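All ligand and atom numbering here is 1-based and tracks the order in the structure. Small disclaimer: the values here were computed from a predicted structure and weren't measured.
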Amino acid sequence: MQYSELAGLYEKLEATSKRLEKTKILADFLKECSAKDVDKIILMVQGLVFPKFEENKIGIASKLVVKALNTATGISSPDIEKSWKKTGDLGLTAEELMKRKRQHTLFSESLSVDKVYKNIRKLAEIEGTGSTDVKMKTISELLTSAKPLETRYIVRLLLEDLRVGLGEGTLRDAIALAYFERKEKKDIDIQNAQGLFGKASELSEIRDKIQQAYDVTNDYAAVAGILMDKGIDYLKKLQLDVFKPVKVMLAQKVKDIDEGFEKVGKPAALEYKYDGFRMLIGKEKDKITIHTRRLENVTKQFPDVVSLIKENVKTESCIIDCEAVGFDAKTKKYVPFQNISQRIKRKYDIDKMSKELPVELNVFDIIYYEGKSMIDEKFENRRKILEKIIKQKELKIRLAEQLITDNKDKAQRFYEKSLNAGNEGIMLKTLNAPYKPGSRVGFMVKLKPVMETLDLVIVAAEWGEGKRAGWLTSFTVACYDEDTDEFLEIGKFGTGIKEKEEEGTSFEELTKLLKPFIISEKGREVIIKPKIVVEIKFEEIQKSPSYSSGYALRFPRLVRIREDRRPDESSALSQIQGMYKEQ
Ligand code: ATP
C-alpha cells in the first residue's frame, strides 16, 4: 500500500472531531485493505509502530527531527524552530517547509507504508557511537522521499504524537464495522450502524468479541489482523500469553459498606487495599516477567521480585496480580507509594536500590495457571489456587488479608482494622465473579475514606517569577475525552507543591519532569505534551465556559504525581459529568 493512502486517512480522521464520522472513515478504509496490511495499519492509525507493551520505543527527540528537516530541505534549524513555535506542531511545520521546497524539485518515486513502518522501527535498533547521525540520516532520507502531507504524519509518528484523535472505543467499533460490512458485502449507513451497536445484533456481538480478544492481548493490531484474515471464530484462539501484559481489572468506588455489599453481593470477600504499585507477574518455569498496570515491562528494575517469585510461587506457570508495597529496609515500616515509584524509572544501581527500598508483594488474584486461562474461573476458586501455590513470608510475599462475610458490623471492623494497619481502605469482591480485564464492571469495588480526587494530565504551565524564576509554577490540567481521544482543560493549580524536595513533590521536580515535553512557549506560558498525570484534590466541580471541558475545579491542589497512570487513563470527561450531577 502507498503511504499517501494512509496519510489521506490520517487527514480525514484529523478533519473531524465526531466519533461516528471517524468510525465510518476508518471502517471504509479497513474494509478495502488487504489482510496482510491490516495489522500494520491498525498500529499506525494509533500512531505506533510497536505494540504498546513492547519494550522497543522509537525514542526520537524533536531536536533530531529539526536537524533531519534541515538536511532534507536546506532550511536552517533556527528558521525551522521559528516556524515550529508558530504552528506548535513540528509535523505541520515539516509539511509547510516541504511545500516550499517542492517547487524546486521534481517528485521521485512514491513511498510505501511498508517502507515508513520498517524505517521507523529500525530507528529503535540503531545504537552505539555515531548512532545519532545514522538516525538523523534515516529520517531525512524518509522525509526527502515523502510528499508534503506525508511528512506531516511521518514527523508526528516519529514524535509519537499523531493527533488524529482516535480513541480505543472508536478503533474497536471501526474494526467491527469493517469486518461486518465486508462479510455482508454491504455499505452500512453510520446512523444505522450506531443503532445496531446499541442493541443486541450481530454487529454488537462482533464488537464485544473484538473487545474480549483485545482485553487479553492488548493488541488491536493482532486482533484485527486475525479477524480480517481468518474470521471471527479465530479470535477465540487469541489467548493469554504469560509474558504479555493483560489489562488489569479495575474497581468502582463505593461510599460505604452498604453500597459495597449492594454492588458485589453477599457474602463478599473483603480485602485490605494496599497502597503500593500494581504488578502483573508472569511465570513460566524460571522465566519471570513483571508488568505495571500501564503495561510497561519493569522486570529489569525488580530483580528482588523475580527471586521472590522463583522461591515462593510453587507452580510451573502462572500470571498473578498483586500490589507491591515498599518498606524501609531498616525500620521495616511501609513507605509511601511515591518512594517505590522511583524504582520503576531506575536504570542503574538497581541492586542497591532493591536493598534500600525492598517491596512486599500482596497477591490478590491469579489469571493464568498451569497453562490455562483462569479469567472465567470464580474468584473464590482463584483465591484457593493462590493459597495452594504461594509460600507466604512476611515482608516478602503474602496473600491479601481477606475476610469473607455478609455481616455489616464485621465488615466495618475489618475496614477499620485495615485503616489502622496503614492501608488505604478495603476492596469488596464478588465471590463467584470472573476476572474482567480492563473494566470497572463492579465485580470488585473499593472503599476508602479520603475525599474525591481526580487524576488529570498537565497540558500547560507558566514560568514563575522572582524567587521562583526557572521553575514552572502554575499548571493547567485536563481530563480525557474517550470519544475523541482529546484532553480537555478543567483547571489550574499552583498549590500543594513544595519549595523543597524533602517536603514532598517540589516545583523543581515537576519542572524537571515536564521540561522535555514542552511543545511551545509564549512569554511565560508553555504548552506541554500530555504525558504527566497528577492526582488533584478539590472542593467542588463547577460548570465553566473558561475551560474546554466545560467544567472547572474549585480550589484544586496537588496530591501526588501518578507515575502509574498513562495519560489516557486520566479521569474521563464522562466521570466528571457524573460527579458534577451527583454533587
Ligand atoms: P486508587 O487511585 O484508588 O488506588 P486506582 O484508580 O489506581 O485506584 P482502582 O482499580 O480504582 O485503581 O483501585 C484498585 C487498586 O487498588 C488496584 O489497581 C490495586 O493497585 C490496588 N489494590 C490494593 N490492594 C488490592 C486488593 N486487595 N485487591 C485489588 N486491588 C488492590
remark   = What one should report as the nearest heavy-atom pair of Val246 and Leu295 is O-CD2, 4.0 Å
task = With Arg413 as the cation and Tyr415 as the aromatic partner, state whether NZ or CZ is under 6.0 Å from the six-membered ring centre and within 45° of the axis.
result = no
note = ligand 1 to Leu250, heavy atom cutoff 4.0 Å, flagged ligand atoms 10 (O)
key: Test salt bridge (Lys or Arg N to Asp or Glu O under 4.0 Å) applied to Glu387 - qualifying residues, sequence neighbours left out   = Arg383
message = Please classify the Glu271 to ligand 1 contact at 4.0 Å (heavy-atom distances, strictly less than): side chain, backbone, both or neither.
response = side chain
ask   = Can you tell me if NZ on Lys436 sees more than 12 non-hydrogen neighbours from other groups inside 6.0 Å?
value = no
Ala251 N/O to ligand 1 N/O under 3.5 Å = yes
Which of the ligand 1 atoms, numbered from 1, are nearer than 4.0 Å to a heavy atom of Lys446 = 1 (P), 3 (O), 5 (P), 6 (O), 8 (O), 9 (P), 11 (O), 13 (O)
note = Among Phe277, Tyr274, Tyr272, the residue with a heavy atom nearest to atom 23 (C) of ligand 1 is Tyr274
message = If you measure every N or O of Lys273 against every N or O of ligand 1, does any of those distances drop under 3.5 Å?
response = yes
message = Taking the ring of Tyr580 and the ring of Tyr551, is the distance between their centroids below 6.0 Å?
response = yes
Sub-3.5 Å N/O-N/O distance, Arg440 and ligand 1 = yes
request  = Using a strict cut-off of 4.0 Å, indicate which atoms of ligand 1 neighbour a heavy atom of Lys448.
outcome  = 1 (P), 2 (O), 3 (O)
query = Does any N or O atom in Glu323 lie less than 3.5 angstrom from one in ligand 1, N or O only?
reply = yes
request  = Could you pull out, from Arg278, Glu535, Arg565, the option with a heavy atom nearest to atom 5 (P) of ligand 1?
outcome  = Arg565
ask   = Quick one: does ligand 1 sit under 4.0 Å from the side chain of Gln402, the backbone, both or neither, non-hydrogen atoms only?
value = neither
The one among Lys429, Glu569, Met444 that brings a heavy atom closest to atom 28 (N) of ligand 1 = Lys429
query = With a cut-off of under 6.0 Å to the ring centre and 45° to the axis, is Lys287 in cation-pi contact with Phe243?
reply = yes
key: Atoms of ligand 1, numbered as shown, that sit under 4.0 Å from any heavy atom of Met427   = 14 (C), 25 (C), 26 (C), 27 (N), 28 (N), 29 (C), 30 (N)
request  = Could you list the residues that satisfy side chain to side chain donor-acceptor pair (under 3.5 Å) with Glu508, not counting sequence neighbours?
outcome  = none
inquiry  = Quick check on the 6.0 Å ring-centre criterion: do Tyr272 and Phe414 meet it?
reply    = yes
